[in-house]
Novice: 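Attaching a single structure in structure tokens format; questions to follow.
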Amino acid sequence: MTIRPDTLSRGVHQAPSLTPELKLTIHEMMIVSRVIDEVTISMNRSGQGFFWIGGPGEEAFGVSLGLQVKKGCGPDHDYLHLHYRSNPILVAMGALPIDTLRQMRSTQTDPYSGGRNFVNHYAIHAWNVTPVTPTIETQYVMAPGTAWVQKRHGGDGLTIVNGGDAGTAEGDFASCLNWATRPGAELPILVIVNHNGYGISTPAGQVQSSTNIAQRAEAYGMRWGVVDGNDLLASWAAIAEAMAYIRSERKPFCLQANVSRLHGHSSASGANRVPDEIDPIARFEAHLIEQGLATRQACDDVWERVRAQMKEDLKQVLSEPLASDRDRFITFTGEKPSFVSPDSPRR
Amino acid sequence: MTIRPDTLSRGVHQAPSLTPELKLTIHEMMIVSRVIDEVTISMNRSGQGFFWIGGPGEEAFGVSLGLQVKKGCGPDHDYLHLHYRSNPILVAMGALPIDTLRQMRSTQTDPYSGGRNFVNHYAIHAWNVTPVTPTIETQYVMAPGTAWVQKRHGGDGLTIVNGGDAGTAEGDFASCLNWATRPGAELPILVIVNHNGYGISTPAGQVQSSTNIAQRAEAYGMRWGVVDGNDLLASWAAIAEAMAYIRSERKPFCLQANVSRLHGHSSASGANRVPDEIDPIARFEAHLIEQGLATRQACDDVWERVRAQMKEDLKQVLSEPLASDRDRFITFTGEKPSFVSPDSPRR
Amino acid sequence: MATIAQAIRMALHYGEKNLGVTDVFGEDVGPPLGGVFTATQGLETAWNSPLDERGIIGAAMGIAMAGGKPVAEIQFADYIFNTIDLLKLAGNLHWSSYGQYHLPMVVMTPVGAGIHGSIYHSHSFESVASHIPGWKIVAPSNAKDAYGLMIAAIKDPNPVLYLKSKALMRAVGDELIPGEPADKRALDSMINAPVGDRADWQPRWPEGLTDYTIELGKAAVVRAGTDVTVISYSRMLPLCVAAAAEIEAETGIRAEVIDLRTLYPLDMETLEQSVRKTRRVLVVNEDTEVTNFGEHVLRKLIDRCFYHMEAPPTLLAGVDVPGIGLSPLLEDASVPQPAQIKEKILELAKIPA
Amino acid sequence: MATIAQAIRMALHYGEKNLGVTDVFGEDVGPPLGGVFTATQGLETAWNSPLDERGIIGAAMGIAMAGGKPVAEIQFADYIFNTIDLLKLAGNLHWSSYGQYHLPMVVMTPVGAGIHGSIYHSHSFESVASHIPGWKIVAPSNAKDAYGLMIAAIKDPNPVLYLKSKALMRAVGDELIPGEPADKRALDSMINAPVGDRADWQPRWPEGLTDYTIELGKAAVVRAGTDVTVISYSRMLPLCVAAAAEIEAETGIRAEVIDLRTLYPLDMETLEQSVRKTRRVLVVNEDTEVTNFGEHVLRKLIDRCFYHMEAPPTLLAGVDVPGIGLSPLLEDASVPQPAQIKEKILELAKIPA
Ligand SMILES: Cc1ncc(C[n+]2csc(CCOP(=O)(O)OP(=O)(O)O)c2C)c(N)n1
Ligand SMILES: Cc1ncc(C[n+]2csc(CCOP(=O)(O)OP(=O)(O)O)c2C)c(N)n1
Ligand SMILES: [Mg+2]
Ligand SMILES: [Mg+2]
């Protein structure tokens, strides 16, 4: 990545250092995220859930990001405006795998949407995770709002927004760059593009002239960089550097991560494993083994353990009731539901 | 301007050369355009028309552009998607001043909109002038459509789209850059930004980080340049060079013209002459006089002649009836109007 | 006696001082202009946004998510139609996040014809807006209501759309807003920015402005009657009142005129009560007539009191044309005119029971 | 026997070969996918656009201005709401250019619930769309109509919006489209792209496809009856037909079911004739109920035959909630279900004259 080195202020929220222990934790988190996808894909196939979409291939970058988030509620902490491939981020932040299975199953217990939205459409108010919008790119026009509150508030909290490569064709991406750079009101915002080379069936090279989407930031006077999102160490460093800059300088940064799309777009295209794409977990495992931090066997043990646990989770989820019409009428806050159908008992 | 010199193919529509005769013609056209603004402003003040908006300050760039348009109907000729300060372009293309007074007056004879739209909202099908949309920036998403038809059609016709600086904050500007550069489907389109430093009351420096808006084209692999739009000779050359490139290479170019806004935004802000802004006509007259192509007196004579003629035009326009409800119901083409109010005779 | 523009300005001032308003923003909303209709002059929290309606609505949503309380302006409702997807998101985030998020935000925008605005300064918005779930919608017709509804909109923890009639913006009410000076000139000199250079200008706000609130969802019977119910709001409301007064003077027929004030949620109780009494109902607005909000009002009334209706429940609305023409002849032929309102009221009143 | 997706595909093929269609485009509309519902597989003029709905509608307008004839797709109607301003412009350019320009363009988009699509693959669009002047709107409920309405939409020189029900996309009609092979398998093997690598695939189009056109603005009485008029379209139409059949079998009550097919302009003659006969009317659609297109249909009928109505003109529509939930229990509680349709028809039929 090509960030010019800069003197950073001290005292801001620091990225943890990448110790051997942390690397092993990261490894496990990557696997947890991947196994969530395995299980939710299988739920789609077996009719235990409907549409599937998720993040297999984004684990290296996503877990690196999630672990560096300043987690919490309110403008002192980081806001996240995420798209639907962000389970690695959420896992690293500590979200429970079972809750994603719940959303996949559309149970009443789904804490993110109460059985209303598709899987991987999170909303966690306690952690500043704003609702994932199914409309591509709209998160990019909302993110400047939270960042503006943070700018005014002071502190080192920042706003993170991510999305895919194809979606940057929407004007909203440019809007975000513009709002992030108003003179004198530059925003503490990390604008991320997860470039997996496709929008559904359409290759990026067919509809966009450049593979460096982040370069668009240049004309707005915004710093930017491109990183190999399949390389955990590079991703970790790039995020750390960008975040340190944003936290201390209170200015925006645009970071593109080139990632894999290991199971195609979604269940609509079959969700089968794609050959030819780099697997960031395999790559990280090779690193761990090479560095003597783990053995093949140790890695396999983690996979097995995680899969076994997730099986239990699934069993639990399948025993829970689907979301019912009990709660469907909560349109407004602070009021009794105004639209009660005669046969619907209210919570 | 900073266009890299390039070998251009031959045989495409050529810009006329800037002979002394042509310079004098240009001078008169600039004056005609300015006097249209003088008269329409006075019509607003005297209650002979409603809202005023126009192009005083854009004459040097606009007339240069209008004279280099390949005028006509259909994809062999240039398409124009203009904003509401384009009277200099229209005058140079040969539009009649009286027709702009008609639109200002909302007469039935207004050929552009039949008394429906504000002044300087042109539509001339015979010259590929597409309807000026009152919605800022929407012309930038339509322009790729005409350019795409031209790309496929072949020939040297191109599409021109222009708009203001503030409007480029809308995502539509970025959409245009993206659609203009699809790999293998690059469009013959001249994307223009008329930068007058303001959006109504808001200075550009308050809401945009860079004064070089055209630089945004860079990240799309599109050529771009910035020209002093108050300098007729520079404007002429920049347009000629950009158009020659587009006509022969069938690829897009983004050109920013820095222009003046001599009478404020519109009648809503009073439309008084602003001090401190460069007057492109005065500047061009200084050039003509310096070059011995005209005297001060000769220049003044042109002003007088044009003003006298326009007085006659206004008299004529004031004698014409306002647009009536006779024609208001033509929603669809190819059909009898479907909504006839009982008391409205139909044409 | 304030104009509606001044009433809004004072309510926003009260809001930023007392109700937690953090941002009043939009195109040309901040200094020096203070809004194309001067409704945001002199406010401490007012600022100019980029010319980007999607950015404006998006930013308002983000600000509200992070605990701010924004009042965002779309300069003219004519330019809000590229943000409908965002308005829909704002209206559904509470529901789709299972109640975790709610968006305390106000979006205000000028609507309607009446200022020779031609096609793109004459749009109405209530029909599309009321179809977007999750928004409350208000549309005042006088200065006092404009104040009280803005206070209510600010206090509400949900998204509220505030539609202000362009043509009424300078209309002076006949009721005093609590706390405002009775002398219009005095008020003008206190809170209107001077013409010309205003860099050093500071408003002097009336001291006694209050929390005066008009509860959302409450219509007002502004003229009592027994023979026909006329339901309207915003610019059409005073025209309906005038028509009713003329008709009564001329014929003795007494139309009851109701100002909806809040378009969503509807005050069905007040409406139903009136229609059960008059047994005839006319809804008047200036939006185009196909899938018009007034049709919804009529349908709701039909659901509740069809058997009480002695005449066809009727809508008088804008003609189904693509735009309001600039020529006054075109405009007048496209939106309801006083004579048409009178005619419709009389027509309904004269249908035998 | 074609599915609706295949019917559209064949009509577009006929259109690009015989009616001057120049571009069929949108997100994932070209190869390899040929549309998320396969409706554009194998077409010569189909291409993939950037992921940019505003760019898509804008490009279609530009293509139409320059003499092309585009059929643009918005992948799901759920994603059309950031383009409403452009749709409005497309609808008013003919009017505002005083008849100089007209836009021969078709925009097609999948609508409605019924595929467990949750909040953003379940939106309806007819209520907002019908409020936009200058567009004709069609919404087929079977394959033969899907073909004939697409041909009509392509031929029309004005903007036409083509709403296709997601849930019906694979529905096989019971009437043959002129020129299609009767054997479904044969058709599949000719015009469905193979699973897997399809780089070298070429469709074999049926030879005898025709100009079969369903005139815009013509509804169809799909089941004759005397006791109640049921007006519907798109996904709800077959549900209404089934309900009417069950009711007749069970009670002898005969509902007349009308498939609107064209939502704008309305076929008021057919509707009025039926309502004057049955004196009871129910409109069924799945869009949310506030300012719903069905309310417009009812109002138009009230204007014409209020005094013939013996029961409240009634709307059965989607519940006023911000979205369709993913859980089937939520979805079923939000859009009209067969049992509710039956109940409403019976309720109206049983009201004494
Ligand atoms: C506004 C909008 N348009 C279209 C869609 C349908 N859609 C869902 S995902 C997708 C492709 C997104 O591609 P990209 O942005 O590259 O993200 P990726 O899925 O590849 O991570 C599309 C077109 C949508 N959800 N929202
Ligand atoms: C979509 C939209 N938003 C807002 C407006 C109102 N408006 C008209 S002109 C204008 C300022 C335009 O500034 P700029 O783009 O710099 O062009 P200029 O008028 O300076 O030439 C605004 C905000 C509009 N017409 N359309
Ligand atoms: Mg992608
Ligand atoms: Mg400007």
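The figures that follow rest on heavy atoms only: side chains count, while hydrogens, waters and symmetry mates do not. A note on names: the letters A, B, ... follow the listed sequences, proteins ahead of strands, and every chain is numbered from 1. Computed from a predicted model, the values in this text were never measured in an experiment.
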Novice: Got a second to check how far A/R116's CZ is from C/N92's CG, nearest 0.5 Å?
Specialist: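 Rounded to the nearest 0.5 Å, the CZ-CG separation comes to 10.5 Å.
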
Novice: Crowded around A/E320 CD? As in, over 12 foreign heavy atoms under 6.0 Å?
Specialist: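 Yes, the 6.0 Å shell around CD holds more than 12 heavy atoms from other groups.
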
Novice: Is it true that, when you exclude A/K70 itself, more than 12 heavy atoms of the residues, nucleotides or ligands shown sit nearer than 6.0 Å to its NZ?
Specialist: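 Check passes, neighbour count above 12.
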
Novice: Please find the pair of heavy atoms, one from C/D52 and one from A/S175, that lie closest to each other, and give the distance.
Specialist: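 Residues C/D52 and A/S175, closest heavy atoms: OD2-OG, 2.6 Å.
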
Novice: Measure distances from A/H121 to the heavy atoms of chain C and classify the residue's part below 4.5 Å as side chain, backbone, both or neither.
Specialist: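 Neither part, no heavy atoms under 4.5 Å.
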
Novice: Might you point out which heavy atoms bring C/N48 and A/R182 nearest each other, and give the distance in Å?
Specialist: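 Looks like O-NH1, 4.1 Å.
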
Novice: Sort A/D110 into side chain, backbone, both or neither according to what part of it lies under 4.5 angstrom from a heavy atom of chain C.
Specialist: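 Only the backbone of A/D110 comes within 4.5 Å of chain C.
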
Novice: Could you look at C/I56 and say if it's the side chain, the backbone, both or neither that has a heavy atom under 4.5 Å from chain A?
Specialist: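 Its backbone and side chain both get close to chain A.
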
Novice: For A/Y112, which atoms come within 4.5 Å of any heavy atom of chain C: side chain, backbone, both, or neither?
Specialist: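 Answer is backbone: N, CA, C or O of A/Y112 sit under 4.5 Å from chain C.
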
Novice: Please report the interatomic distance OG1(A/T130) to CG(C/L93), rounded to the nearest 0.5 Å.
Specialist: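 Output value for this atom pair is 8.0 Å.
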
Novice: Mind checking whether C/D23 and A/R152 have side chains closer than 4.5 Å, heavy atoms only?
Specialist: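 C/D23 vs A/R152: side chains touch.
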
Novice: Got C/I57 and A/V141 here, is their nearest side-chain heavy-atom distance under 4.5 Å?
Specialist: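 Not touching, per the 4.5 Å side-chain cut-off.
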
Novice: About how many Å separate CE of C/M61 and NE2 of A/H81, when rounded to the nearest 0.5 Å?
Specialist: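 Separation between the atoms: 10.0 Å.
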
Novice: Given heavy-atom pairs under 4.5 angstrom as the criterion, report whether the side chain, backbone, both or neither of C/W135 touches chain A.
Specialist: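 Contact with chain A is through the backbone of C/W135 alone.
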
Novice: If you compare all heavy atoms of C/S97 against all heavy atoms of A/A123, which two are closest, and at what distance to 0.1 Å?
Specialist: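 Answer, listing the atom of C/S97 first, then A/A123: CB-CB, 3.8 Å.
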
Novice: Of the non-hydrogen atoms in C/M65 and A/T146, which two are nearest, and what is the gap between them?
Specialist: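 Looking at all heavy atoms of both residues, the closest pair is CB-CG2, 4.2 Å.
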
Novice: So if I apply the side-chain contact (heavy atoms from CB on, under 4.5 Å) rule between A/P131 and each of C/Y98, C/Y101, C/W95, which one comes out positive?
Specialist: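 Among C/Y98, C/Y101, C/W95, the one meeting side-chain contact (heavy atoms from CB on, under 4.5 Å) with A/P131 is C/Y101.
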
Novice: Quick one: does C/K136's side chain get under 4.5 Å of A/F332's, heavy atoms only?
Specialist: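 Side chain of C/K136 against side chain of A/F332, heavy atoms only: contact under 4.5 Å found.
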
Novice: For A/W179 and C/A59, which heavy atoms make the closest approach, and how far apart are they?
Specialist: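 Closest pair (atom of A/W179, atom of C/A59, distance): CZ3-CB, 3.8 Å.
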
Novice: From A/N178 CG over to C/L51 CG, what is the distance, rounded to the nearest 0.5 angstrom?
Specialist: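 Output value for this atom pair is 10.0 Å.
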
Novice: If we define contacts as heavy-atom pairs under 4.5 Å, which of C/G68, C/P70, C/A64, C/S96 has the most with chain A?
Specialist: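 Maximum pair count with chain A is reached by C/S96.
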
Novice: For residues A/T138 and C/R54, report the shortest heavy-atom separation together with the two atoms involved.
Specialist: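 Where A/T138 meets C/R54 most closely, the heavy atoms are CG2-NH2, 3.9 Å.
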
Novice: At a heavy-atom separation under 4.5 Å, does A/V129 approach chain C through its side chain, its backbone, both, or neither?
Specialist: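 Only the backbone of A/V129 comes within 4.5 Å of chain C.
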
Novice: Counting heavy-atom pairs closer than 4.5 Å to chain C, which one of A/N117, A/V132, A/I124 comes out on top?
Specialist: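 Most heavy-atom pairs under 4.5 Å with chain C: A/I124.
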
Novice: Less than 4.5 Å apart, any side-chain heavy atom of A/W148 and any of C/T22?
Specialist: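 The answer is no; the side chains never approach within 4.5 Å.
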
Novice: Quick check: does any side chain N or O of C/Q100 sit under 3.5 Å from a backbone N or O of A/P111, one acting as donor and the other as acceptor?
Specialist: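 Yes, because the side chain of C/Q100 sits within donor-acceptor range (under 3.5 Å) of the backbone of A/P111.
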
Novice: Of the backbone (N, CA, C, O) and the side chain (C-beta and beyond), which part of A/S113 lies under 4.5 Å from a heavy atom of chain C, both, or neither?
Specialist: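 Both parts, backbone and side chain.
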
